[in-house]
Engineer: 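Please see the structure below; I have some questions.
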There are 2 protein chains.
Amino acid sequence: MAILERMHLAIIREVDQHGSLTAAAQRLHLTQSALSHTMRKLEDQLGVAIWRREGRSLHPTQAGEYLLAVANRLVPQLSHAEERLKQFARGECGALRIGMECHPCYQWLLKIVSPYLAAWPNVDVDVKQKFQFGGLGALFGYDIDILVTPDPLYRSGLLFEPVFDYEQVLVVGPEHPLRDAVYVQPEQLLDEVLITYPVAIDRLDIYTQFLMPAGISPRRHKPIETTDIMLQMVASGRGVAALPRWLVEEYAAKLNVRAIRLGQAGIAKQIFLGVREADADIDYLRAFVELARVR
Amino acid sequence: MAILERMHLAIIREVDQHGSLTAAAQRLHLTQSALSHTMRKLEDQLGVAIWRREGRSLHPTQAGEYLLAVANRLVPQLSHAEERLKQFARGECGALRIGMECHPCYQWLLKIVSPYLAAWPNVDVDVKQKFQFGGLGALFGYDIDILVTPDPLYRSGLLFEPVFDYEQVLVVGPEHPLRDAVYVQPEQLLDEVLITYPVAIDRLDIYTQFLMPAGISPRRHKPIETTDIMLQMVASGRGVAALPRWLVEEYAAKLNVRAIRLGQAGIAKQIFLGVREADADIDYLRAFVELARVR
DNA sequence: TCTATCAATGAATATTTTTCATCAAGGATG
DNA sequence: CATCCTTGATGAAAAATATTCATTGATAGA
């Protein structure tokens, strides 16, 4: 009845990753012959070719491509389930896979994780930041268990909860003319170099909530990957950036940067934690959310 | 290395569904002994009990519950993948699993499906309406391939496209005092029985966009499952309902109901089709979206 | 208390997987 | 262009694994 087995999925992945049956066989601690037989049998049973044999190499057919996509989706889930069950055996509660969708959240997260690790010594924490299908996709796809994001989604099978309020501010260096301003207007950034994390503009609040409504663009827009470098650049007068106020204040001691309100009212932000509804009653998961909310 | 196999997942599902190893064995065309051995071995390898043996029956342990959840999630995906591959073999393109998140969309969908089936004779169409984790969850979880919904989500790994504009209107029966009104105000529903589909109020536009902004509640709120019965009720003067204008007009011929604009401006709605980004270039899937957009 | 039913178990058996040995063919190399 | 190395395919043998059979012990219900 059932023909497609975990081994088939494992094989097609390894072949894709290492280019040949022989290499895949080594990684799976089997012989080339074993894999050849196994896959040949699958092809016979399904009646479809998985690879086109061209010369001495294998190229996935359309069916093969499909199988590969399935394998890449399901094999990690099987592995993780197995891992999880072994953890049950060791009396460990499990592993908490946290996904991050906003760059500065990472700094905040670090402050939550360490008391959490202390309180739950037998829960492993793993933080992931890159998602093929976005944070929501990762949550739905069981790649992560908790999503840290500024954009909640109040429907479907997910639960979101706000855990942290902060203000998004402009950061300027020691020589900057705006240094002592109470707040800044969009027009005042016309001649500036704006440094941001390298994400789409419609995910940057300084654009969506501040510059775009006023129809303003900064002189130049420079994407920088890491917070440290970003602030170094700001401190040395190479540009301005938009970051959470608490983050700027932490750096202010050593870097001589200043936080300035964006607009008269400021930009208020919240960080949310999202979990799958089905997981809502897992104790070590709830505990994390509650710990995060308190701080 | 890999211990958890498809068979284990199949067994725990069947045992859950049919209550005993013996019954599960029958369904899997194996003996009770085979299943017992298989699962015992798994338990030994993982070092964790899947079931508590109480008297002559099996109750899942915590680990068992977890494994069951995994199985219920992954086994259907494996089966579907296998089915899909067999379709490749038969030269069929595949199956289009359509998920519906709005009740009246169903009527609209029927009009798209029949020309689609004609144009793609070797694609099967399957329509699903109940989702454990919402329509988005079903899309992310590979339970469906296309989601029909009035609420798009423009981010993550999904693509949404509007395919149909319509107006949400109030439906009244032949004797109703509002029958000849050009439009209706929220206050005029104060003394009415409002019939809707049985979904949460915040997913009903007549509430979110019409009644709630005015702070009005109808005299009574009656949920009805099917469109036909709903309109029968309206026609016989038992209440009023909110439905798409085109739907009402189709029924108007035989049922003597009338569509009345909601508010002076009316309520404009759109139906969207959502697909996974990764699937965006599958021809028979694209074709469906395009066909839907044209009509 | 008796009986029917369930799960567990050990040994025997059947099946499947894997390896081994070998071949054929394709690239690479000089 | 011949040679050499590597790759995948294949059939038969061997090993490993899964399955059955036969039986036991336990238990819920009559």
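It should be emphasised that the depicted structure is a prediction, and the values quoted were computed from it without experimental measurement. The sequence lines fix the lettering, A, B, ..., with proteins before strands; numbering per chain opens at 1.
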Engineer: For B/Thr196 and B/His221, which I'm curious about, is there any donor-acceptor pair between the side chains at under 3.5 Å?
Structural biologist: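 B/Thr196 vs B/His221: donor-acceptor pair found between side chains.
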
Engineer: Can any side-chain N or O of B/Glu101 pair as donor or acceptor with the backbone N or O of B/Leu147 at less than 3.5 Å?
Structural biologist: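 Here the side-chain-to-backbone pair does not exist.
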
Engineer: Could you tell me whether a side-chain N or O of A/His80 sits under 3.5 Å from a main-chain N or O of A/Gln77, the two making a donor and an acceptor?
Structural biologist: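 Side chain of A/His80 to backbone of A/Gln77, a donor-acceptor pair under 3.5 Å: no, none is there.
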
Engineer: Using a 6.0 Å cut-off, check whether atom CD of A/Gln62 has over 12 heavy atoms from anything other than its own residue.
Structural biologist: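 It does not: A/Gln62 CD has 12 such atoms or fewer within range.
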
Engineer: Report which part of the nucleic acid A/Ser20 touches: base, sugar-phosphate, or nothing (heavy-atom distance under 4.0 Å, all strands).
Structural biologist: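 Touches sugar-phosphate only.
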
Engineer: Check the side chains of A/Tyr197 and A/Thr227 for a donor-acceptor pair under 3.5 angstrom, ignoring hydrogens and angles.
Structural biologist: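 There is such a pair between these side chains.
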
Engineer: Reckon A/Thr22 touches a base, only the sugar-phosphate, or nothing at all at heavy-atom distances under 4.0 Å?
Structural biologist: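 It contacts sugar-phosphate atoms only.
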
Engineer: If we ignore hydrogens and angles and just use 3.5 Å, is the side chain of A/Arg97 paired with the main-chain N or O of A/Lys128 as donor and acceptor?
Structural biologist: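 Not at all, since once roles are kept as given, no pair shorter than 3.5 Å links the two residues.
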
Engineer: Compute the angle between the rotation axes at the two ends of the helix from C/dT1-D/dA30 to C/dG30-D/dC1, each taken over five pairs, rounded to 10 degrees.
Structural biologist: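 Taking five pairs per end, the axes differ by 30°.
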
Engineer: Which word best sums up how the rings of B/Tyr116 and B/Phe288 line up, parallel for under 30°, tilted for 30 to 60°, or perpendicular for over 60°?
Structural biologist: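 Judged by the thresholds at 30° and 60°, the geometry between B/Tyr116 and B/Phe288 is perpendicular.
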
Engineer: At under 4.0 Å between heavy atoms, which parts of nucleotides 15-29 of chain D does protein reach? Answer with one letter per nucleotide, 5' to 3': B base, S sugar-phosphate only, - none.
Structural biologist: ---SBBB-----BB-

Engineer: Taking CG from B/Asp44 and P from C/dG10, how many angstroms apart are they, rounded to a whole number?
Structural biologist: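 In whole Å, C/dG10 P lies 11 Å from B/Asp44 CG.
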
